[in-house]
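All remarks here apply to the structure that follows.
We use all heavy atoms of the structure for the numbers below, so side chains are in, but hydrogens, waters and symmetry mates are not. Just follow the structure's listing: the first ligand is 1, and inside any ligand the first atom is 1.
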Amino acid sequence: MGFSLGTAITYCTVLIVFASTGHVAGCYKAIVSFGDSVTDTGNLIHNSKLLSNGFVKSSVPPYGETFFRYPTGRYSDGRLIIDFIAQSMGLPFVQPYFGGGSNGDRSFVEGVNFAVAGATAMDISFFMERGIINSATNVSLGNELDWFKQMLSSFCQTPSRCKEYLQSSVVLMGEIGGNDYNYAFLQGHPKEEVLSFVPKVITVIASTINELIKYGVQTLIVPGNLPIGCSASYLSYFMTSNASEYDPRTGCINWLNDFAENHNELLQEELDRLRELHPHATIIYADYYNAAMRLYRSPSNYGFNNTLEACCGGGGPYNSNAHVYCGSQLSTVCDSPSSYINWDGSHLTEAAYRWIADGLLKGPFTSPQINGACILSRPKPKILDS
Ligand SMILES: *[C@@H]1O[C@H](CO)[C@@H](O)[C@H](O)[C@H]1NC(C)=O
Ligand SMILES: *[C@@H]1O[C@H](CO)[C@@H](O)[C@H](O)[C@H]1NC(C)=O
Ligand SMILES: *[C@@H]1O[C@H](CO)[C@@H](O)[C@H](O)[C@H]1NC(C)=O
């Protein structure tokens with residue numbers, strides 16, 4: 001292998017060119033995000049106008065007990081996937097749009113989060129027509145997109161400056177759509193009906209992506225649905241004595257996981273179409289489903305000894321009770337959240353979110369992979385001593 005001096009110089013030049021295009025400071029200057037409680041870093045807690053029933057469940061302890069040490073409005077004991085992504089890209093935690101940061105709009109320089117806990121992809125009227133209640137909020141992805149447009153008009157003002165901001169940002173599109181199914185399923189609507197929502201949900205996600213690209217966005221990460229058949233709230237609601245409904249290896253309910261996988265397959269087909277439509281955009285699919293499934297399949301590899309039971313909840317076989325929610329007086333909380341995957345029945349612990357983020361950032365759960373050059377430090381999951 002004889003490297004000539006000339007070759008070596010050429011190699012160095014290539015590296016220097018790379019370094020000078022901004023890769024060193026992390027590839028992305030900002031994260032712009034949309035979604036629901038999987039991604040909300042404080043919108044619902046900061047804006048009571050978004051609330052339907054006047055109370056944010058994540059506004060009381062033990063929410064936040066592991067990391068922030070106080071409730072931030074995040075639906076977990078600590079950080080969310082988006083927080084680990086931000087940290088790995090050398091960026092601060094993504095500011096909620098309604099967070100009222102001390103810098104006002106200036107705090108959006110490094111990111112802004114429009115995700116609202118309880119939000120759906122479809123508009124509220126869609127659910128009202130079908131007798132489905134969203135007791136958390138009326139916010140839909142369409143509302144979040146409207147705020148995005150409002151924010152641009154005050155934050156960057158001219159189309160060219162906005163384009164510049166968006167071109168150097170990465171958009172995290174969700175997860176969104178999970179609640180559209182959650183509300184319907186957990187209010188007793190039949191699978192056939194809920195299945196008919198899937199193409200509609202995906203159409204809304206796709207048209208939002210189209211609009212964002214029109215505004216100048218170049219890089220998007222689009223997550224799929226999580227394995228709802230492993231979620232304590234679903235396991236409690238659909239509990240059955242028919243053993244063949246459960247995956248013997250994980251204890252998750254097969255047909256619900258099949259439902260999530262169906263959504264994810266249709267979403268990926270749509271993303272393929274969008275990639276053809278926008279060859280200059282980078283549209284990354286984030287496989288939350290399989291990044292989470294590996295935790296249920298091999299929990300001990302990740303420091304978990306309790307896969308299906310919620311750490312915080314109101315009792316029952318999965319410690320998930322629709323009437324006694326985490327943080328309320330009669331609920332109990334486990335001693336070591338990091339040994340649990342499920343936090344409060346429908347959301348995951350910081351430990352689980354950290355592993356999911358790790359699987360996205362290190363691979364193999366993003367496609368195409370997030371540019372490794374943009375990952376400054378990878379979140380190092382910590383397994384507590386036993
Ligand atoms: C939610 O939407 C319904 C129906 O349009 C409306 O009656 C209600 O006031 C809305 N709630 C909030 C908090 O906006
Ligand atoms: C049990 O579940 C399996 C799988 O969903 C189904 O095929 C079967 O009909 C069920 N048996 C009863 C008795 O409901
Ligand atoms: C699970 O792990 C935690 C933390 O390591 C430990 O405190 C707890 O005793 C374990 N529980 C079981 C049932 O092994």
Side-chain angles (χ1 to χ4, degrees), residues 36 40 43-57 59 62 65-66 77-78 98 114 116-144 146-147 179-180 183 185 190-192 194-195 228-230 234-235 237-262 295-296 298-312 317-319 332-343 349-352 354-355 381-386:
D36 57 26
D40 185 353
N43 281 313
L44 191 60
I45 203 178
H46 281 115
N47 187 347
S48 58
K49 292 200 188 104
L50 307 178
L51 267 174
S52 291
N53 75 1
F55 179 65
V56 185
K57 288 178 186 149
S59 64
E65 68 167 19
T66 300
D77 57 315
F98 295 109
F114 299 99
V116 174
T120 51
M122 307 299 291
D123 286 337
I124 190 74
S125 57
F126 177 84
F127 301 99
M128 293 183 66
E129 283 160 17
R130 289 162 177 77
I132 297 166
I133 295 163
N134 180 348
S135 62
T137 182
N138 282 357
V139 172
S140 67
L141 185 55
N143 299 129
E144 295 182 15
D146 288 342
W147 299 331
N179 284 329
D180 298 57
Y183 299 141
F185 276 132
K191 182 173 94 179
E192 293 66 33
V194 190
L195 263 176
I228 56 176
C230 306
Y234 276 92
L235 286 161
Y237 188 86
F238 289 103
M239 200 152 43
T240 168
S241 55
N242 181 353
S244 52
E245 295 221 346
Y246 295 93
D247 176 349
R249 184 159 166 208
T250 59
C252 304
I253 296 177
N254 289 321
W255 70 269
L256 286 164
N257 277 353
D258 292 346
F259 181 94
E261 287 200 276
N262 172 61
L295 310 183
Y296 296 102
S298 321
S300 59
N301 290 358
Y302 303 96
F304 299 113
N305 58 19
N306 203 320
T307 53
L308 301 180
E309 200 183 321
C311 165
C312 183
Y318 299 99
N319 195 30
T332 58
V333 60
C334 69
D335 288 334
S336 72
S338 69
S339 65
Y340 283 68
I341 297 175
N342 193 295
W343 166 242
T349 56
E350 168 176 291
R354 186 198 284 259
W355 280 114
K382 184 179 76 181
I383 297 173
L384 297 179
D385 299 344
S386 46

* Pull out every atom of ligand 1 sitting under 4.0 Å from any heavy atom of L51, numbered as shown with elements. =>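 Checking each atom against L51, I get 13 (C).
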* To do: Using a strict cut-off of 4.0 Å, indicate which atoms of ligand 1 neighbour a heavy atom of M128.
  =>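 By the 4.0 Å cutoff, the relevant atoms are 4 (C).
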* **Candidate with minimal heavy-atom separation from atom 4 (C) of ligand 3, of S336, G303, C334, S300** =>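 Minimum heavy-atom distance to atom 4 (C) of ligand 3 goes to S336.
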Could any protein non-hydrogen atom be found less than 4.0 Å from [atom]?
atom: atom 11 (N) of ligand 1; value: yes
atom: atom 7 (O) of ligand 1; value: no
atom: atom 2 (O) of ligand 2; value: yes

* Considering heavy atoms of the protein only, find what lies nearest to atom 9 (O) of ligand 1 and give residue, atom and distance to 0.1 Å. =>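 Scanning the protein heavy atoms, the shortest distance from atom 9 (O) of ligand 1 goes to N138 ND2, 4.8 Å.
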* First locate atom CE of M128, then atom CZ of F126, and finally report the distance between them rounded to the nearest 0.5 Å. =>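 Output value for this atom pair is 13.5 Å.
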Donor-acceptor under 3.5 Å ([X] side chain, [Y] main chain):
X: Y296; Y: L308; answer: no
X: D77; Y: E350; answer: yes
X: S59; Y: I45; answer: no

* To do: Using distance alone, determine whether K49 and ligand 1 share an N or O pair under 3.5 Å.
  =>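 Between K49 and ligand 1, no N or O pair is found under 3.5 Å apart.
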* To do: Count the heavy atoms belonging to other residues, nucleotides or ligands that lie under 6.0 Å from CG of D335, then report whether that count exceeds 12.
  =>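 No, because the 6.0 Å sphere around CG of D335 holds 12 heavy atoms or fewer from other groups.
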* Numbering the atoms of ligand 2 from 1, which are under 4.0 Å from a heavy atom of N242? ->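 Atoms satisfying the 4.0 Å criterion: 1 (C), 2 (O), 3 (C), 8 (C), 10 (C), 11 (N), 12 (C), 14 (O).
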* Looking just at side-chain N and O atoms, do D123 and S140 make a donor-acceptor pair shorter than 3.5 Å? ->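 Indeed, the side chains of D123 and S140 share at least one donor-acceptor pair under 3.5 Å.
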* Take C311 and C334, measure what disulfide (SG to SG under 2.5 Å) needs, and give me the verdict at the end. => CA-CA 5 Å; C311 165; C334 69; 2.1 Å; yes
